[in-house]
S.K.: 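Here it is, the structure, as structure tokens.
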Amino acid sequence: MTDFAQRLLEWFDDHGRKDLPWQQEVTAYRVWVSEIMLQQTQVQTVIPYFNRFIERFPNVATLAAANQDDVLSYWSGLGYYARARNLHKAAQQISVAYDGKFPRLFEDVMALPGIGRSTAGAVLSLATGQRHAILDGNVKRVLARYEAIAGWPGKTPVATDLWLAAERHTPEARVAEYTQAIMDLGATLCTRSKPACSRCPVSEGCEALRTDSVGDYPGRKQRTAKPLRTTTMIMASANGQVCLERRPEAGIWGGLWSLPELGEDSIDDWCDKELGSAVTELLSWDILRHSFSHYDLDILPIVVRIEPHAGKVADAGVRTWYRLDDAPPGGLAAPVIKLIDQLKKSENVANN
DNA sequence: AATGCGGGGAG
DNA sequence: CTCCCAGCATT
């Protein structure tokens with residue numbers, strides 16, 4: 001065992017996290033769900049989503065049997081919705097190919113949609129104790145500093161070096177605890193800013209600390225200016241209902257329900273063409289800026305009151321009337337949740 | 001090898 | 001405001 005692993009495990013006994021929801025009643029399924037939710041998402045954000053998801057889908061069979069709208073509704077607000085679609089698809093594959101039992105072979109796990117090298121290693125090491133390395137954001141930061149591996153981890157040669165270090169330090173015994181320990185170190189001491197090197201169990205061998213350059217690791221990606229895009233979202237409202245449409249599988253917010261977006265048409269033409277209704281009242285709200293990692297989106301919300309005989313939509317498979325005091329038909333993107341909440345409030349005011 | 005994919009927490 | 005997080009799939 002490397003000195004690094006030895007000291008890390010000793011530290012874990014006293015300071016590691018052992019009370020996270022997915023650390024109770026450890027099963028491959030629960031660890032898998034948690035690892036998918038934790039991709040690019042922090043622990044505190046994930047916990048309530050994990051608890052709700054597990055309550056509704058306690059095992060592979062219940063998840064595989066659910067429809068996609070149901071699954072996405074439990075993911076609504078978490079982001080990266082391809083994760084939920086892949087999780088669902090993988091559960092169905094596990095049902096068929098492995099009789100509902102999560103596979104134990106690394107290659108089989110890697111072959112499931114949404115699971116790559118790091119997640120496969122994390123699930124198998126945490127749930128079964130098999131010796132596999134992981135390389136998530138925390139581990140990249142810890143190892144880049146400890147070994148002074150320069151450069152942005154998105155570059156192949158940098159990632160290759162980090163994986164080699166990860167493999168080299170992963171011990172033969174106590175693998176599950178080691179995996180949790182190195183993530184905990186990154187999350188609690190070896191943080192992105194203001195790392196607590198004075199309390200670090202491996203500070204003695206840390207090359208970045210020795211050269212007083214902890215802040216230089218890991219290397220950052222050179223960033224370009226984010227473009228700004230704009231869209232108009234239509235909140236067509238009648239009889240306490242609002243029109244929603246399902247987005248295509250590919251692209252942003254794939255498979256989620258959203259508000260219709262206005263293209264080149266005028267509002268009146270759109271309502272006539274798509275809903276077969278005339279506008280009775282028109283109201284523009286303030287622009288809502290929604291920020292993605294790669295662009296900003298300015299949303300101009302337009303509330304359209306239409307004639308109350310609206311029951312018709314042009315394409316019933318893609319559009320639906322959503323009753324505001326009802327449960328949503330599926331997953332909703334975060335800004336759509338915000339706008340619909342605002343609409344509910346304004347409806348309540350109007351009715352009081 | 002580079003890019004697309006969400007949303008939020010931290011500073 | 002900026003940075004980037006328990007990454008993976010696609011091209």
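All values below were derived from every heavy atom in this structure, side-chain atoms included, with hydrogens, water molecules and symmetry-related copies excluded.
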S.K.: Can you see whether A:D298 engages A:T230 through a side-chain donor-acceptor pair at a distance of less than 3.5 angstrom?
M.R.: no
S.K.: Output the residues of residues 163-200 of chain A in contact with DNA chain B, where contact means a heavy atom of the residue under 4.0 Å from an atom of the strand; sort by number or write none.
M.R.: A:R192, A:S193
S.K.: Determine: side-chain N/O of A:H294 to OP1/OP2 of B:dC5, distance under 4.0 Å, yes or no.
M.R.: yes
S.K.: Residues two or more places apart in sequence or in another chain: which of them pass side-chain contact (heavy atoms from CB on, under 4.5 Å) with A:S198?
M.R.: none
S.K.: Rounding to a whole Å, what distance do you find between A:K226:NZ and B:dT3:P?
M.R.: 16 Å
S.K.: What residues, two or more places apart in sequence or in another chain, satisfy side-chain hydrogen bond (donor to acceptor under 3.5 Å, both in side chains) together with A:N67?
M.R.: none
S.K.: Take atom CG of A:D14 as the centre, draw a 6.0 Å sphere, and report whether it contains more than 12 heavy atoms from other residues, nucleotides or ligands.
M.R.: yes
S.K.: How is A:G77 classified with respect to the nucleic acid when contacts are heavy atoms under 4.0 Å: base, sugar-phosphate, or nothing?
M.R.: sugar-phosphate
S.K.: Any salt bridge linking A:D325 with A:K344? Criterion: basic side-chain nitrogen under 4.0 Å from a carboxylate oxygen.
M.R.: no
S.K.: Assign each of A:L332 and A:K155 to its nearest nucleotide of DNA chain B by heavy atoms, then name whichever residue's nucleotide is nearer the 5' end.
M.R.: A:K155
S.K.: Between A:E177 and A:K18, does any side-chain N to carboxylate O distance fall below 4.0 Å?
M.R.: no
S.K.: Pull out every residue in residues 118-152 of chain A that has a heavy atom closer than 4.0 Å to any atom of DNA chain C, ordered by number, or say none.
M.R.: A:S118, A:T119, A:D136, A:G137, A:N138, A:R141
S.K.: Can we say A:E249 and A:K89 salt-bridge, meaning some charged N sits less than 4.0 Å from an Asp/Glu carboxylate O?
M.R.: no
S.K.: Grab the OH-P distance between A:Y80 and B:dG8 for me, whole Å please.
M.R.: 13 Å
S.K.: So does A:T41 reach the base of B:dG7 with its side chain, donor to acceptor, closer than 3.5 Å?
M.R.: no
S.K.: Mind checking A:V43 for me? I need base, sugar-phosphate or nothing, with any heavy atom below 4.0 Å counting as a touch.
M.R.: base
S.K.: Looking at A:F102 versus A:W32, is the centre-to-centre ring distance below 6.0 Å?
M.R.: yes
S.K.: Are A:F50 and A:W22, when compared by the centres of their aromatic rings, separated by less than 6.0 Å?
M.R.: yes
S.K.: For the pair A:R30 and A:E35, find out whether any cationic side-chain nitrogen is under 4.0 Å from an anionic carboxylate oxygen.
M.R.: no
S.K.: If you measure from the C1' atom in C:dC5 to the same atom in B:dG6, how many Å do you get, rounded?
M.R.: 12 Å
S.K.: If we take the P atom in both B:dA10 and C:dA6, what is their distance in whole Å?
M.R.: 12 Å
S.K.: With respect to the phosphate group of B:dG7, does any side-chain polar atom (N or O) of A:H290 fall under 4.0 Å of OP1 or OP2?
M.R.: yes
S.K.: Validate the cation-pi geometry between A:R52 and A:Y74: distance from NZ or CZ to the six-membered ring centre under 6.0 Å, angle to the ring axis within 45°.
M.R.: no
S.K.: Quick one: sort the A:H169 and A:F4 rings into parallel, tilted or perpendicular, breaks at 30° and 60°.
M.R.: tilted
S.K.: Give a yes or no on whether a salt bridge exists between A:R174 and A:D13, defined as a side-chain N under 4.0 angstrom from a carboxylate O.
M.R.: yes
S.K.: Just the endpoints, please: which first and last nucleotides of DNA chain C, 5' to 3', lie under 4.0 Å from a heavy atom of chain A?
M.R.: C:dC3 to C:dA9
S.K.: Residues from residues 4-37 of chain A sitting under 4.0 Å of DNA chain B, heavy atoms only?
M.R.: none
S.K.: Students often mix this up, so state it plainly: with edges at 30° and 60°, are the rings of A:H294 and A:F292 parallel, tilted or perpendicular?
M.R.: tilted
S.K.: Taking atom P of B:dG7 as reference, at what distance in whole Å does atom CD of A:Q40 sit?
M.R.: 14 Å
S.K.: On DNA chain B, compare the nucleotides closest to A:G154 and A:L78; which residue's is nearer the 5' end?
M.R.: A:G154
